[in-house]
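Encoded as structure tokens, the structure appears first; notes follow it.
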Amino acid sequence: MDDDVREELRLLRARAYGPHADIADDATAVARLRELEDLERQDRLPPAPRVPLTSAGSRAALVAPDDDEDGDDEDEDGDDGERDRPALVGSKRRLWIWAASLAVVAALASAATAASLTVVPVTAAAGAPQVDTLVPAPDAAVPPVFGQRTGAERAYENYYGVAAFTGRAPTDATDNRNPCLYLLDADEVGADDTRGFRGNFVYGGCGAGVFPATVQFVVADGMPDAFVQRFPIGTSMQFVFDGENVGVFSDRG
């Protein structure tokens with residue numbers, strides 16, 4: 001296998017066994033993956049050993065060493081045709097060793113394939129389209145409820161009565177801080193200039209490592225009227241923070 005084919009195999013395996021597996025619905029890609037995995041297994045097989053041709057002078061070395069003296073006498077007394085017959089003991093032994101090695105490699109390859117296929121692909125995304133993007137609003141103030149400032153806080157433009165805020169917050173017992181996203185009622189945020197907040201809903205979610213901060217919910221009673229007009233009750237919503245902007249996804253477009 002050349003480097004291009006190995007890279008193609010790596011990408012297909014990522015689509016089949018990776019966290020964002022999506023190969024299940026692509027029959028062509030599944031067939032190609034199987035073809036390349038079979039090709040890779042064939043590449044792993046050791047080449048068949050070449051049995052050297054023996055000359056008449058070296059044939060005697062291939063004769064079994066446990067022949068008794070009577071047998072030697074008989075060989076000496078026999079005709080030249082019997083003595084010149086090629087001995088097969090050495091070549092047969094090498095053939096069996098080679099066959100056994102092929103069986104071992106095939107078994108190991110089959111076990112590795114079976115182990116990898118036990119990972120059932122799970123689709124990480126529902127396929128809902130992105131319908132909007134929220135960008136930071138420089139003039140919007142971050143409410144006091146978020147506590148001490150770290151400089152990473154951002155406020156976003158009012159989105160149909162929903163106020164979005166992002167910042168970094170501790171999410172475990174250590175000092176590690178991860179990006180978090182919060183959705184609040186825009187009409188109630190900081191209305192009384194206190195560190196609390198009011199409203200019919202509060203949604204929040206934090207990221208972890210490579211996974212982004214995400215908030216998802218189903219639209220229900222209590223959401224702002226403008227939001228319900230844009231996204232009727234029962235709509236599945238998802239807000240994803242990419243480190244700068246907030247993407248809005250909806251199953252109803």
Side-chain angles (χ1 to χ4, degrees), residues 14-15 18-22 121-253:
R15 291 185 59 192
H20 303 289
D22 62 353
V122 175
T123 302
Q130 181 174 350
V131 296
D132 269 315
T133 300
L134 308 184
V135 298
D139 298 332
V142 177
V145 67
F146 291 101
Q148 183 179 3
R149 300 293 188 268
T150 65
E153 297 82 5
R154 292 185 179 88
Y156 294 79
E157 56 192 8
N158 187 315
Y159 187 67
Y160 297 105
V162 173
F165 302 93
T166 60
R168 301 187 70 85
T171 55
D172 52 37
T174 69
D175 293 333
N176 292 329
R177 287 178 172 267
N178 290 298
C180 297
L181 169 64
Y182 303 93
L183 304 179
L184 308 175
D185 190 334
D187 291 337
E188 300 293 340
V189 173
D192 55 1
D193 295 327
T194 66
R195 295 180 62 86
F197 52 83
R198 299 178 300 177
N200 294 317
F201 65 92
V202 176
Y203 295 113
C206 295
V210 299
F211 301 107
T214 303
V215 173
Q216 51 196 18
F217 58 90
V218 174
V219 179
D221 290 332
M223 298 295 293
D225 292 339
F227 193 89
V228 174
Q229 290 178 3
R230 173 64 179 86
F231 303 104
I233 291 177
T235 302
S236 298
M237 302 294 305
Q238 186 181 62
F239 290 70
V240 180
F241 176 51
D242 69 356
E244 179 66 22
N245 302 316
V246 176
V248 182
F249 300 81
S250 170
D251 65 339
R252 298 191 183 182

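Atoms considered below: every heavy atom in the structure, side chains included; atoms not considered: hydrogens, waters and symmetry mates.
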Do [X] and [Y] have side chains that approach each other closer than 4.5 Å (heavy atoms only, starting at C-beta)?
| X | Y | result |
| --- | --- | --- |
| F231 | V131 | yes |
| F201 | P224 | yes |
| L183 | M237 | no |
| M223 | V162 | yes |

Side-chain polar contacts of residues 203-220 - donor-acceptor pairs under 3.5 angstrom, sequence neighbours left out - could you list them?
unit_1: T214; atom_1: OG1; unit_2: P212; atom_2: O; d: 3.2
unit_1: Q216; atom_1: OE1; unit_2: Q238; atom_2: NE2; d: 2.8

Applying side chain to side chain contact (heavy atoms under 4.5 Å, CB included) to E244 and not counting sequence neighbours gives P136, R154, D242
Distance in Å, [X] [atom1] paired with [Y] [atom2], rounded so as to fall on 0.5 Å steps:
| X | Y | atom1 | atom2 | value |
| --- | --- | --- | --- | --- |
| D132 | N245 | CG | CG | 12.0 Å |
| T166 | E153 | OG1 | CD | 8.5 Å |
| D225 | Y160 | CG | OH | 14.0 Å |
| F249 | T133 | CZ | OG1 | 7.5 Å |
| D139 | E157 | CG | CD | 12.0 Å |

Taking every heavy atom of S250 against every heavy atom of A128, the minimum-distance pair comes out as O-CB, 3.7 Å
Heavy-atom nearest pair, S236 first then D251, reads N-OD1, 3.0 Å
Assign the ring pair F241 / Y156 to parallel, tilted or perpendicular, where the plane angle (0 to 90°) is split at 30° and 60°. perpendicular
